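What you see below is based on every heavy atom in this structure, not just the backbone, and it leaves out hydrogens, waters and symmetry mates. Computed from a predicted model, the values in this text were never measured in an experiment. Naming: A, B, ... by sequence-line order, numbering from 1 per chain.
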There are 2 protein chains.
Amino acid sequence: MTNSSPMQDIGRCSPRFDALDKTLGREQFASDFYTEDMLWAGVCRAGIAHGRIRSVNTARAEVVKGVHCVLTRKDVPGSNRQGFVYWDMPVLCGTKVRHAGDALALVVAENRQVLARALSLIEVDITPLPVIDSMDVALENHASQVHDLETGNVLKSATITKGNPAEAMAQCDVILEETFFSPVQEHAYIETENGVARFDKDGILHLTVSTQAPFRDRFEIARALGLDHNKIHVINPYLGGAFGGKDGATVQCLLALAAIHVKGRTIKMWWDRRESMLAGYKRHAARMHYKLGAQKDGTLVALECELDYDTGAYAHLGVEIMALGLEHAGGPYRIANMESRGRCIYTNNPIAGAFRGFGVAQVCFAFEGMMDRLAIKLAMDPLVLRMKNALIRGDRNCAGVTMTHSTGMEECLMRLSEHGLWKTRKKWIADALPFKRRSVGISAVFNGMGYGRGLADYAIAKVKLSPSGLIRVYNGVSDMGQGNASTFVQIAGEILCQRQDTMELVQPDTDRTHPSGSATAGRTTYTYGKALIKACEALRDKLFNRAALMLLVDDGAGFAMIPGGVRHLPSGRDLSLADLAAMMMPDDRICMAEYLMPTTPEMPKGGETFKLGFPHLIYPFAAHLARVEVDELTGEIIVHDYLAFTDGGRVLNPQVFEQQVQGAVAQGLGYALFEEVKTREALLETKDFSTYILPTSMDLPDIESHAVETIEHSGPFGMKGIGEVGMNAPLPAVASAMAHAGLPMNHAPFTPERVLGVLDQEKKDIPCN
Amino acid sequence: MTNSSPMQDIGRCSPRFDALDKTLGREQFASDFYTEDMLWAGVCRAGIAHGRIRSVNTARAEVVKGVHCVLTRKDVPGSNRQGFVYWDMPVLCGTKVRHAGDALALVVAENRQVLARALSLIEVDITPLPVIDSMDVALENHASQVHDLETGNVLKSATITKGNPAEAMAQCDVILEETFFSPVQEHAYIETENGVARFDKDGILHLTVSTQAPFRDRFEIARALGLDHNKIHVINPYLGGAFGGKDGATVQCLLALAAIHVKGRTIKMWWDRRESMLAGYKRHAARMHYKLGAQKDGTLVALECELDYDTGAYAHLGVEIMALGLEHAGGPYRIANMESRGRCIYTNNPIAGAFRGFGVAQVCFAFEGMMDRLAIKLAMDPLVLRMKNALIRGDRNCAGVTMTHSTGMEECLMRLSEHGLWKTRKKWIADALPFKRRSVGISAVFNGMGYGRGLADYAIAKVKLSPSGLIRVYNGVSDMGQGNASTFVQIAGEILCQRQDTMELVQPDTDRTHPSGSATAGRTTYTYGKALIKACEALRDKLFNRAALMLLVDDGAGFAMIPGGVRHLPSGRDLSLADLAAMMMPDDRICMAEYLMPTTPEMPKGGETFKLGFPHLIYPFAAHLARVEVDELTGEIIVHDYLAFTDGGRVLNPQVFEQQVQGAVAQGLGYALFEEVKTREALLETKDFSTYILPTSMDLPDIESHAVETIEHSGPFGMKGIGEVGMNAPLPAVASAMAHAGLPMNHAPFTPERVLGVLDQEKKDIPCN
């Protein structure tokens with residue numbers, strides 16, 4: 001009776017609601033939408049990194065048979081500006097090119113062959129400008145400017161202070177200073193940027209897009225193209241990956257522009273891998289200079305750091321990403337005195353934007369690197385050093401925010417310390433074969449959850465009883481593959497005591513579901529989950545009261561939910577949900593509820609300069625361990641074993657939790673070992689996956705994941721989001737192993753070339769940096 | 001700063017609050033209380049099992065030097081009746097002896113030597129009556145009566161029905177019928193029954209007792225001795241074990257009787273092991289006849305069973321224990337039709353009473369035995385059979401109660417099915433050496449939590465801010481060693497964000513703490529914990545408001561608790577708890593809250609005959625596995641590996657959770673393999689631990705425990721109590737292994753003699769029962 005559709009009890013490994021349909025290929029992603037009358041749209045891109053546009057000649061393209069239109073800047077009716085905070089990115093460039101992926105013209109054609117031919121016939125005349133291919137060049141006096149800013153190429157600089165770091169530094173027993181470099185990383189989702197659009201005869205623009213923010217997309221399109229956002233309808237199916245790269249304008253405005261010029265036809269745009277890598281958003285490269293002071297016993301005392309983030313040609317969320325870097329610059333530790341200075345810098349490099357770990361993955365590499373240096377300097381166990389300084393509830397974090405919510409850093413480290421992979425490390429290291437150098441590294445990380453201050457992190461949940469007695473959940477927040485939608489079905493099933501096979505899920509759709517923010521910042525299950533619990537409880541109470549009316553009982557107090565119905569316990573009488581639905585008007589069968597994530601009222605000194613996203617109140621934590629073997633002859637690093645302890649509060653579905661951790665660790669190990677977007681004079685050298693190296697399953701160790709279940713009182717059933725935190729730990733864990741192997745590395749990723757370089761340094765007996 | 005006293009975050013393995021003091025011997029148990037002027041009290045016991053008392057001659061004892069008094073029935077001022085439901089047990093017997101441990105006289109003496117001499121000089125003249133040494137004899141026509149009841153020796157009979165078992169049985173594909181016998185078990189706590197008492201010149205009777213119910217003890221003493229319960233003061237230190245054996249009158253009335261006759265002196269009574277075994281309460285022996293009907297596919301259809309519980313000479317909680325047997329008779333499964341008939345029967349055997357597993361341990365043996373027979377009969381995997389029928393939320397249990405709360409039976413079984421000890425069973429079995437027969441058994445069990453209907457399961461928590469700023473928890477419910485008191489400190493620390501070393505704990509004391517029921521029924525942490533959370537939240541809110549007054553802030557909204565104080569987050573100002581305490585009146589520094597456990601409004605057919613304790617609403621669940629090896633030459637059973645999955649909702653402290661499970665499994669394996677109170681003509685043959693065999697650490701396997709964390713919405717942080725459920729599973733798990741080894745055993749414990757008997761039967765190729 002029940003084995004095929006178990007109860008959705010919270011805390012158990014229940015199969016994901018979407019698993020079967022996805023496995024059988026029945027689930028339709030945006031890229032699966034095709035129609036009979038469909039046209040294809042494509043973009044002509046600049047190809048050079050910086051220049052003045054003299055002309056874009058589309059004449060030869062326009063006359064190709066099967067071309068419906070060729071559009072340039074002059075065809076854009078609105079502001080032509082995209083970018084949800086800084087609006088600095090044109091839909092189609094008319095005067096200036098700022099990076100090689102800039103869009104200059106848009107073609108709509110009958111099919112892909114015609115489209116390719118027409119694009120090849122567009123003639124572009126651009127006067128080159130000096131190329132800003134690095135942050136150093138961008139910061140030079142009289143450097144050419146990417147944008148017309150009073151502050152040159154510095155989009156934003158800020159300084160956060162706490163205590164008196166200069167004075168405190170002078171009192172320290174030990175002071176260490178290092179500079180770290182982290183690379184540009186590609187999102188590399190399976191489903192590249194795509195969507196379909198159609199402008200209907202009723203004046204409504206319909207889009208089905210692979211996006212993380214369908215509700216915000218309407219405003220983005222409306223502003224850029226001068227449309228009424230109420231006449232834009234966005235459907236948002238499951239995504240084949242996103243990681244932050246679909247949190248902003250990709251195909252949306254281009255598709256909408258094409259649709260309003262070719263009305264009544266469905267138009268599809270789907271970037272191939274090379275276009276995705278050329279024009280898509282990437283992780284910010286960072287340069288991080290750190291100065292850390294401590295006492296002899298390992299107590300951290302003072303930190304000074306300077307963080308530079310290369311945001312490429314456009315801002316995207318670069319300022320907010322830098323803000324999170326400043327907020328997390330001191331790691332999950334108690335440090336009484338800190339000054340962190342940050343700059344977000346424009347260059348002509350590919351656009352950097354939101355990416356899982358959102359500015360924090362960078363500083364975790366740097367600060368954990370300082371911790372390992374300090375441990376070596378003081379001859380302390382690196383785990384003991386971290387335990388000694390780990391944040392506990394009631395502490396202020398390095399940015400000055402009091403940890404008033406669940407704080408499992410110490411517990412994660414403690415659990416790690418008890419694990420066999422840590423306890424037996426010495427023997428494992430000693431067992432290395434000749435020319436193989438083994439080491440075990442650890443890292444301790446955190447990551448603010450939710451939007452932070454300045455922008456309400458909210459969700460509006462809706463749940464409905466269908467006429468046939470099924471429960472339908474209206475999900476307003478995208479599922480990128482992480483499983484939040486499935487968890488929403490689980491939550492509703494829990495509250496309403498219904499089995500998975502009697503429930504339905506509506507994915508985000510601006511006409512059917514309600515604004516619930518973007519699928520970002522580890523917030524989806526937390527915020528929407530809280531709203532959903534309230535909505536389901538309201539529906540349950542309503543059903544009890546209706547049942548009381550039907551059964552002529554005094555009130556709803558004696559009722560309980562059972563699968564398919566409600567039961568009046570004193571009398572043992574049951575009512576089916578279908579019978580209840582039959583006596584309720586359609587409006588009456590709907591319950592909605594909203595929730596706003598709490599924010600900290602504390603504002604660290606200097607933080608008021610950030611409009612949004614700073615600081616945070618609730619943090620997940622993680623401690624990771626990597627067992628690493630270096631081949632001294634080839635420089636290759638093999639990660640043999642991997643271990644992750646994660647404090648995400650209570651776990652709602654252990655399987656989904658583990659998948660999140662494993663996915664993040666895989667992406668994090670790629671970041672540590674292989675992945676690096678390379679440019680020469682701001683032009684992409686790693687244009688596809690033949691040169692941009694992703695880890696395959698053969699490159700990854702077994703990843704062992706354990707939950708450290710604190711209870712986050714504010715969260716749904718005590719959970720908090722772990723979508724990002726797992727990304728931050730693998731690079732510093734591998735770096736930690738390298739440092740303790742005598743091979744400290746400050747420049748990621750740790751390619752064989754760089755490892756051989758450090759090995760070479762070692763042979764020369766010169767300290768490396 | 002913090003490593004030595006970690007934050008008490010819920011869900012983490014924090015060291016028990018009582019661990020250090022107990023380890024160092026600093027914690028004072030009741031048996032540790034001694035005073036300079038202390039006298040010893042002792043009891044003259046009947047020594048024969050059934051008879052009329054002609055005389056108790058105390059003359060020779062009274063004249064012994066150092067004897068203060070020798071008391072008999074005539075010296076008891078009140079009703080002389082004990083027993084909190086049936087009041088059928090005299091403090092001192094005056095007319096009739098009902099079992100060999102009955103108390104006839106009480107001596108108070110200067111020291112233990114004088115006491116022993118005086119007791120030996122008391123002369124007793126008793127006319128023997130026919131001894132009722134078994135339930136069969138008790139049920140014979142014209143049997144001698146233990147008590148003067150209209151129903152003969154049947155204290156209570158009851159029948160619970162659901163559906164139509166007779167009709168349903170006729171439709172079954174398979175019908176099995178078996179009779180099971182479970183033994184009398186001894187509590188065998190380390191600290192035997194003891195206490196001290198003193199009747200003060202102010203007319204107050206003070207007792208310090210090893211008891212599970214200090215508040216109820218006052219009423220018990222007052223009724224038996226005709227005293228005012230308001231003038232009785234009971235202090236209840238930590239107990240050195242109890243398991244139900246101290247949930248009722250042991251030394252209390254005897255000590256009080258001594259104290260009111262020898263006023264102004266402290267009097268100590270401490271039963272030695274032999275007295276404890278003679279006069280203490282034990283687990284009920286049960287005879288259980290089962291008839292189970294099922295479909296070919298394994299679906300359970302109908303159950304008929306008859307349960308007889310031997311309550312010995314007095315009722316204690318025998319009727320309520322039988323009620324739980326009826327409630328749990330069909331195991332944690334869906335069975336649409338059931339009739340369970342129960343009888344609680346008086347005999348002259350030692351008194352049976354409350355014992356961890358409370359009537360349920362017996363029926364779990366029987367019903368799980370039926371499941372294994374059914375699996376063998378149908379050639380089904382016993383785990384699949386259990387999974388198929390396991391209760392899920394929304395089902396009615398066998399007694400007819402709807403499972404509206406967390407129901408993790410299926411998940412426990414699923415987790416067990418995924419474990420290596422289950423998956424590799426075939427190889428392990430095949431690897432047996434000659435004359436060793438290996439088998440793997442499983443069991444699925446549950447156990448109602450709390451008192452059930454008819455008696456409010458309530459707690460009143462109190463928490464106080466001391467003048468020096470420490471948080472003090474006033475615990476009203478005994479800690480028998482299971483760790484609930486420590487968990488209360490953890491809960492208060494969690495809500496108030498204080499560290500263990502800044503908190504204090506007051507153990508139950510009828511003058512200082514508040515009535516919160518007995519330490520029984522897996523209820524302590526659930527019920528008191530819920531009340532404590534409310535009390536701590538009230539204190540926190542009060543502190544915020546007071547702090548707002550002191551800091552001239554509008555309201556308490558911007559405050560958070562930090563260790564040692566509160567912080568106003570918007571301004572960053574801190575106030576210490578000591579500063580706050582200084583501005584508060586003593587009454588103002590106290591917060592109290594109460595909680596009542598919910599009960600089911602459903603009353604199974606036939607259940608209305610029970611005054612209290614039936615039925616239950618919330619159940620923990622467990623699935624256990626035992627890998628068993630039988631020596632075919634000696635009949636010895638070795639349990640090689642043991643595995644327990646327990647659904648106790650959310651786990652508050654994994655270490656305490658695991659200790660509970662491991663303790664229960666150890667006690668359960670004793671019950672399965674060794675432990676059996678033997679009598680001959682109702683006289684004890686197993687008088688001490690040389691003949692009553694307890695498992696030592698050498699007899700026990702490693703016990704692997706895993707939590708299956710459902711969320712119990714009604715519980716503190718989502719938990720439910722597991723004090724009992726673990727006891728119910730080992731006997732059926734071992735029995736399951738035996739059944740699947742071709743050695744079905746219906747009579748526990750499985751001593752080598754019984755195993756050899758079954759092996760012998762097997763050789764004769766005769767089906768055994």
Side-chain angles (χ1 to χ4, degrees), chain A residues 1-3 6-7 9-14 299 334 387-388 390 392-396 400-408 410-411 414-415 418 494-495 497-499 557-558 560-565 567-572 600-603 649-652 654 708-711 713 717-718, chain B residues 1-3 6-7 9-13 299 334 384 387-388 390 392-396 400-408 410-411 414-415 418 494-495 497-499 557-558 560-565 567-572 600-603 649-652 654 708-711 713 717-718:
Chain A
M1 164 186 171
T2 59
N3 287 338
M7 292 295 300
D9 282 340
I10 290 298
R12 70 193 292 174
C13 281
S14 82
T299 304
R334 267 186 310 281
M387 289 277 281
K388 184 182 183 68
I392 61 166
R393 204 150 64 100
D395 282 338
R396 285 184 196 275
V401 175
T402 307
M403 309 305 290
T404 53
H405 285 249
S406 56
T407 307
E410 196 185 14
E411 178 78 352
M414 193 160 67
R415 293 275 301 280
E418 293 162 356
E494 171 77 21
I495 306 283
C497 194
Q498 300 303 306
R499 287 198 300 270
M561 298 300 304
I562 59 173
R567 177 166 295 160
H568 184 243
L569 303 175
S571 65
T600 173
E602 292 179 301
M603 182 48 82
R650 291 305 197 197
V651 176
L652 304 190
V708 171
E709 295 195 78
T710 62
I711 182 160
H713 294 280
F717 306 111
Chain B
M1 163 186 170
T2 60
N3 287 339
M7 295 294 301
D9 282 341
I10 290 299
R12 69 193 292 173
C13 280
T299 304
R334 268 186 309 282
V384 170
M387 289 277 281
K388 185 182 183 67
I392 61 167
R393 204 152 63 101
D395 282 337
R396 287 182 194 275
V401 175
T402 306
M403 309 305 289
T404 53
H405 285 250
S406 57
T407 307
E410 196 186 13
E411 178 78 351
M414 193 159 65
R415 293 274 302 277
E418 293 162 356
E494 171 76 20
I495 306 282
C497 193
Q498 300 303 306
R499 286 198 300 271
M561 297 299 305
I562 58 173
R567 175 165 298 160
H568 184 241
L569 302 176
S571 65
T600 173
E602 291 178 301
M603 181 50 82
R650 292 304 197 199
V651 176
L652 304 190
V708 171
E709 294 195 80
T710 62
I711 182 160
H713 295 278
F717 306 110

query = Can you say whether B/Met414 sits under 4.5 Å from chain A via the side chain, the backbone, both, or neither, judging by heavy atoms?
reply = side chain

inquiry  = Tell me which of these, A/Ile495, A/Thr402, A/Thr299, A/Thr407, has more heavy-atom pairs under 4.5 Å with chain B than the rest.
reply    = A/Thr402

query = Between A/Thr404 and chain B, which part of the residue has a heavy atom less than 4.5 Å away: side chain, backbone, both or neither?
reply = side chain

query = Pick from A/Gly11, A/Ser406, A/Pro601: which one has the most heavy-atom pairs with chain B under 4.5 Å?
reply = A/Pro601

request  = Side-chain contact test, heavy atoms from C-beta onward, threshold under 4.5 Å: evaluate it for B/Arg650 versus A/Ile10 and give yes or no.
outcome  = yes

key: Contact leader toward chain B among A/Gly408, A/Pro570, A/Gly565, where contacts are heavy-atom pairs under 4.5 Å   = A/Pro570

task = Would you mind telling me which of A/His713, A/Arg567, A/Met561, A/Met403 has the largest number of heavy-atom pairs within less than 4.5 Å of chain B?
result = A/Arg567

message = Under 4.5 Å from any heavy atom of chain A, what part of B/Val651 do you find: side chain, backbone, both or neither?
response = backbone

task = With sequence neighbours excluded, tell me which residues meet salt bridge (charged side-chain N to carboxylate O under 4.0 Å, His left out) with B/Arg415.
result = none

note = dist A/Ser571:OG -> B/Glu602:CD (nearest 0.5 Å) comes out at 9.0 Å

task = Kindly say whether B/Glu494 contributes a backbone atom to a donor-acceptor pair with the side chain of A/Arg393 at under 3.5 angstrom?
result = yes

remark   = A/His568 meets the ring pair (Phe, Tyr, Trp, His ring centres under 6.0 Å) criterion, sequence neighbours left out, with A/Phe559

query = If you tally heavy-atom pairs under 4.5 Å against chain A, which of B/Leu569, B/Ile711, B/Val708, B/Ile562 wins?
reply = B/Leu569

